[in-house]
Amino acid sequence: MRLLVALLVWLTFAASASAAPSALDQALKAGAAPVAAGPQRTERIEAELVPMSAWATPGSTAIVAVRQKIKPGWHTYWRNQGDSGGPTTLSWSLPDGFVPGDILWPLPERQRLQSLMNYGYSDAVLLPVPLQVPASAQPRQTLSLRVTAHFYVCSDQMCVPEDLDLALNLPVRDGAAPLDPRYGQAIQAVVASAPRPAGIEARAAFADGRLTLSATGGPLTGAAPKWAYFFPFEGGVIDHAAAQTGQRGPQGVTLALAPGRGLTANGLKAPLAGVLSTDLGAWEISADQGPALPGAAGEGVIGDGETAQKPAASSTTPLAFLQAALFALLGGLILNLMPCVFPILAMKAAALSRSAHEPAEARRDGLAFLAGVLATFLVLAGALLALRAGGQALGWGFQLQSPGVVAALSLLMLAVALNLSGVFHVGGGLQGAGQGPLSRLPGAAGAFFTGVLAVVVAAPCTAPFMAFALGAALLMPWPMALAVFLMLGLGLALPYVLISLSPRLLSRLPRPGPWMETLRNLLAFPMYGAALWLAWVYGRQTADALALLFGAGLMLALALWLYGRSQASDGKGRLAAVAAALSLIAALGLAVLAARAAPASSEPAASSTHLASQPWSEQAVQAALAEGRPALVNFTADWCVTCKINEGAALSSSRTAEAMQATNAVYLVGDWTRRDDAITAELQRHGRSGVPLYLVYAPGRAQPRVLPQLLTEGTVVDALKSAAH
């Protein structure tokens, strides 16, 4: 449980958009390549900088707008994005004397997605911005305006940050300018209808866990609205997804709002500002703290108008859920054959051999193992869904992107291996005569713990069928998603459970004897291998911190050896026990330092294969296709055992290298060893929640070919030849 808590603390959302505008602005001012005027496009959005008026007049305010044309099924965000996503931001590069104002935000749509509520725009939207034109601007010249627009373009499946460089050549003339013939009238309509203050007085009261907003005066006096809804400017003040109930009065309205986490933690520290939207209009308000205003209630209940909003997400059909659950069960079964789970198979074999001729104990252990698997899947899936609901881009195996988690798992595998080697014993008092030390905790607790380990160690792998199931689960309502994850756990545990519940199969196993001690010692070596592999992964994730982990492992081994000596002395080895405790403290200290180590360079490690590679990016793919070259994309991670086997067997062969050269293909590696939101979004776009993922792009084809998760060199060579023709 402590491991999971540490994992949740580590996985906080690191938003880098705030630093991007200044860097881009400096690049533009430093003489970056000129940007062509007109529409700029990505796969999901088209944007353009357009004027409201045909020209700008010296000493006046000109209005330009960022026009967004958004792909169906996708959306961008308002100034307060709601529960996920991010607002559109602009980084300007303007002639001397020009001063940009704030965006005049149109009223957003409410975009409900499962248990979340976002505020944004779909289809098309204009974001007007006023520009102060200096009086020194010379008529009869054309000025070049430049802006980098930072968008978060999202669907109900994924969210992708997009940056577009936009340009507008704006003439300067004397006299009043007519509207621009293309978008002038539309921009003028947005400016006229954008919410603005209208003399409305407002009060906000937060007491006993309830937030009440009252507003009176101005256009609300005697207006009798049928519905009202409040869009706050700041996130965390209200629960965006909760219903807003209200009443109308002769002078205005009162809304009961569900407080957000920021409000419940800090109280109402500043005026509550936002947009009050009604069926009669929308206006900006700022509510000071105070009791409800008179005349804002007492004349009937009003709604919040959500039924008039376009839903942002479609419901999940029962057929899709059943298909995902079946694929999860099959994927869990196949997961038992994946390399990640081999160390845990050793522990399963040791447990089965011990209880083979004790049916009652075997049944108990089988059900306890199942409980451990399902409980751990439930915890990991719940954490993953909660973090994704908070806007974080994560996928299956996300915990292994944390160096601290990898270090802890490496030490845990070392401890299990030392236990199997007989260095120390757990539950020795409960052993049967002549059976030797147990290779696990006693009874059902040991079987449950083995189930927990099975899930944690299986996280780096995805099996056939599993990718589709998890990709679909992450888009479902959380009860369905958790059910799919539990079916995956059931598939993983099912073979062991069936054997443990079958006396006929158990009776065919050899009876306990001295051979069990040899088997137990032999099965320690896969666990040593797992510990070394995790240490290698940790070394790839951090900068020169492997010595700390090795030191922690050395002190842990010493502590467990001393503990084993104290066990062998029948309670008389107090000195050994004290030394073991001190060594354990030293090991924990080094482990904490290892967990806090600085990350390694963010450059992907191209040396993982023998093929010459470049870091993956969508721009790199498009550049290769523009040159008429196929592109082979490998989404991998150092902690993904299946990835490394594929790279060694299929992506490092001479035949593959010859095919790459013959087809003039580009090899791109997306390294997901550490968290990378762009890679996560690309995985999701192809219906995957984890690595490996192999794509082959062909010039002139819209969609890439998705290769199997278990590669052969023949599959890769055939895909490259097909892409080149």
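Computed from a predicted structure; not experimentally measured.
Put simply, SG on Cys154 and CD1 on Ile70 are 10.5 Å apart, with the number rounded to the nearest 0.5 Å. Here CG of Leu131 is found 5.0 Å from CH2 of Trp92. Values are rounded to the nearest 0.5 Å. Atoms CG and OG1, from Leu720 and Thr663 in turn, are 5.0 Å apart once rounded to the nearest 0.5 Å. Considering CD1 of Ile285 and CD of Glu201, their distance stands at 11.0 Å, rounded to 0.5 Å. Ile103 contributes atom CD1, which lies 12.0 Å from atom CG of Leu126 (distance to the nearest 0.5 angstrom). Between the OG1 atom of Thr148 and the CG atom of Leu166 there is a distance of 7.5 Å, given to the nearest 0.5 Å.
Here the side chains of Arg110 and Phe231 are in contact, with some heavy-atom distance below 4.5 Å. With contacts defined as side-chain heavy-atom distances shorter than 4.5 Å, the pair Trp78/Pro106 does not qualify. Leu49 places a side-chain heavy atom less than 4.5 Å from the side chain of Val66. Side-chain contact between Leu695 and Val706: present, with at least one pair of heavy atoms (C-beta onward) separated by less than 4.5 Å. In this structure, Val275 and Trp105 have side chains that are not in contact, with every pair of non-hydrogen atoms separated by 4.5 Å or more. Annotation: side chain of Thr42 is not in contact with side chain of Val160 (no heavy-atom distance under 4.5 Å). Residues Gln81 and Tyr152 form no side-chain contact, since every pair of their non-hydrogen atoms from C-beta on lies 4.5 Å or further apart. Counting heavy atoms from C-beta outward, Leu145 and Val147 have side chains that stay 4.5 Å or more apart.
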Yes or no on side-chain contact (heavy atoms from CB on, under 4.5 Å) for Leu143 and Val133, after CA distance, side-chain angles and deciding distance? CA-CA 11 Å; Leu143 299 176; Val133 183; 5.6 Å; no
Before you tell me yes or no, could you show the steps for Leu90 and Leu127 under side-chain contact (heavy atoms from CB on, under 4.5 Å), namely the whole-Å CA-CA distance, both residues' side-chain angles and the distance that decides it to 0.1 Å? CA-CA 10 Å; Leu90 304 176; Leu127 300 183; 6.0 Å; no
Chi angles and distances behind the side-chain contact (heavy atoms from CB on, under 4.5 Å) call for Val190, Leu104: CA-CA 8 Å; Val190 172; Leu104 300 176; over 6 Å; no
Are Trp74 and Ile45 close enough, and set up right, to give a side-chain contact (heavy atoms from CB on, under 4.5 Å), and what steps lead you there? CA-CA 9 Å; Trp74 296 77; Ile45 188 171; over 6 Å; no
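Between the side chain of Asn118 and the main chain of Gly82, no donor-acceptor pair closer than 3.5 Å is present. Between the Gln111 side chain and the His75 main chain, no donor and acceptor come within less than 3.5 Å of each other. A donor-acceptor distance shorter than 3.5 angstrom exists from the side chain of Thr57 to the backbone of Gly175, with no hydrogens or angles considered. For the pair Tyr121 (side chain) and Gln68 (backbone), a donor-acceptor distance under 3.5 Å is absent. With Arg629 contributing its side chain and Ala623 its backbone, the two residues share no donor-acceptor pair below 3.5 Å. A distance-only check finds a donor-acceptor pair linking the side chain of Gln138 to the backbone of Ser136 [under 3.5 Å]. Proximity of a side-chain donor or acceptor of Arg67 to a complementary backbone N or O of Ala65 within less than 3.5 Å is not detected.
Scanning all heavy atoms of the two residues, the minimum distance from Ala54 to Ala177 falls at N-CB, 4.3 Å. Residues Ala56 and Leu170 approach most closely at CB-CD2, 3.7 Å, considering heavy atoms. Of all heavy-atom pairs between Leu179 and Gly184, the closest is CD2-O, 4.0 Å. For the residue pair Asn169 and Ala37, the shortest heavy atom distance occurs at ND2-CB, 4.1 Å. In this structure, Cys159 and Pro161 approach most closely via the heavy-atom pair O-CD, 4.1 Å. Nearest approach of Ala198 to Trp283, heavy atoms of both residues: CB-CD1, 3.5 Å.
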Show every donor-acceptor pair shorter than 3.5 Å between a side-chain atom in residues 232-241 and any protein atom, with sequence neighbours excluded, or say none if there are none.
from: Asp239; atom 1: OD1; to: Ala241; atom 2: N; distance (Å): 3.3
from: His240; atom 1: ND1; to: Asp83; atom 2: OD1; distance (Å): 3.1
from: His240; atom 1: NE2; to: Asn80; atom 2: ND2; distance (Å): 3.4

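Crowding of Gln141 atom CD: a count of heavy atoms from other residues, nucleotides or ligands under 6.0 Å exceeding 12. Surrounding CD of Gln661 are at most 12 heavy atoms belonging to other residues, nucleotides or ligands under 6.0 Å away.
Arg146 pairs with exactly one of Pro95, Ser93, Ser91 by the side-chain contact (heavy atoms from CB on, under 4.5 Å) rule, that one being Ser93.
Taking a cutoff of 4.0 Å between a charged side-chain nitrogen and a carboxylate oxygen, Glu46 and Lys71 do not qualify as a salt bridge.
The salt bridge (Lys or Arg N to Asp or Glu O under 4.0 Å) pairs that include a residue from residues 176-189 are Glu48-Arg182, where partners are two or more places apart or lie in different chains. Sorted by first and then second residue, the pairs that involve residues 612-624 and meet salt bridge (Lys or Arg N to Asp or Glu O under 4.0 Å), not counting sequence neighbours, are Arg44-Glu618.
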